[in-house]
Amino acid sequence: MIELGVNIDHVATVREARKGREPDLIAAAKICELAGAHQITVHLRQDRRHIQDRDVEHLAQVLQVRLNLEMAAVDEIIAIAHRIRPYVVCLVPENRQEVTTEGGLDVASQAKKLKTVVKGFHDDGIKVSMFIDPEVDQVDASAETGADYVELHTGAYANAGELDVLGELDRLAKAAARAINCGLIFNAGHGLTIRNLAPVAAIPGLNEVNIGHSIISRALFFGLENAVREILAILDEYSA
Ligand code: PXP
């Protein structure tokens, strides 16, 4: 069964446009949960442009499904994660100017530091995922850190033109196979939509996808429950 994490950051983006209470992030999370999502994903950015500390605290209290906290591996956010204790943290690169997470985390250049971060989370019973580009050396470095999962960045695949899309899919499949060989659980995310999800879902061993922007976008027209369900229906077709 391929599982779905719904990234609800953009519900908070709309709320923060007015710094008010609407739309209600917790209600959104609960609708995703009721529609069958297996996980709620949020990114607590250092600039707090969408998700706020209190959101993560509330979600940790009320969710029945898993909470996946995306975060930069910086001291301030690491301390918050240790305090709130989500089910899993997904370590991502963060650049204050970016519109969204642009590339994968360069685990290979900081494997030693990240190994310590992973151990700290494991000591607190928190699982760790590395959000990386689909490259074998990044997979190997992730395994070295002791992480539980890699989330392969599907942005290049999602943005590829007709000429490059098969090559990008092949990169994903090769990195996925390497991850599984290394004993890592393989997840995927970024830029996935109802139109481009199927070939990724067909990659052997896929455990979970995290999808945000396209679900929240389609929710504007079809409702959040329907937007979640249509992704789940695609995943179902490719689930063993
Ligand atoms: N996974 C990770 C690690 C991300 O950083 C993001 C974007 O915040 C997503 C998945 C979801 O990407 P999208 O919003 O493009 O579906």
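When a ligand or atom number is given, it counts from 1 through the structure's own listing order.
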Considering only heavy atoms of [X], which atoms of ligand 1 have at least one such atom less than 4.0 Å away?
X: G212; value: 11 (C), 13 (P), 14 (O), 16 (O)
X: N210; value: 10 (C), 11 (C)
X: V92; value: 3 (C)
X: F131; value: 2 (C), 3 (C)
X: I211; value: 16 (O)
X: H213; value: 13 (P), 14 (O), 16 (O)
X: N7; value: 8 (O)
X: G191; value: 12 (O), 13 (P), 15 (O), 16 (O)

Crowding at [atom1], [X] (>12 non-hydrogen neighbours, <6.0 Å):
X: D75; atom1: CG; answer: no
X: K30; atom1: NZ; answer: yes
X: H213; atom1: NE2; answer: no

Under 4.0 Å, heavy atoms only, figure out whether ligand 1 is touched by the backbone of [X], its side chain, both or neither.
X: H153; result: neither
X: E70; result: side chain
X: H43; result: neither

Near-ring test Y157/H190, centroid separation under 6.0 angstrom: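 Here the rings of Y157 and H190 have centres that are no less than 6.0 Å from each other.
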
Please list, chain by chain and in numerical order, all residues satisfying side chain to side chain donor-acceptor pair (under 3.5 Å) with H10, sequence neighbours excluded.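 Only T13 meet the side chain to side chain donor-acceptor pair (under 3.5 Å) criterion with H10.
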
Under the side chain to side chain donor-acceptor pair (under 3.5 Å) rule, collect the residues that match up with D53, sequence neighbours excluded.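 With neighbours one apart ignored, the set is R48.
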
Which of these, V118, L184, V139, V92, sits in a side-chain contact (heavy atoms from CB on, under 4.5 Å) with M130?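 Between M130 and the candidates, side-chain contact (heavy atoms from CB on, under 4.5 Å) is satisfied uniquely by V118.
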
Looking only at side-chain N and O atoms, does H38 offer a donor or acceptor that is under 3.5 Å from a partner on E33?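 No, no side-chain donor-acceptor pair sits under 3.5 Å.
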
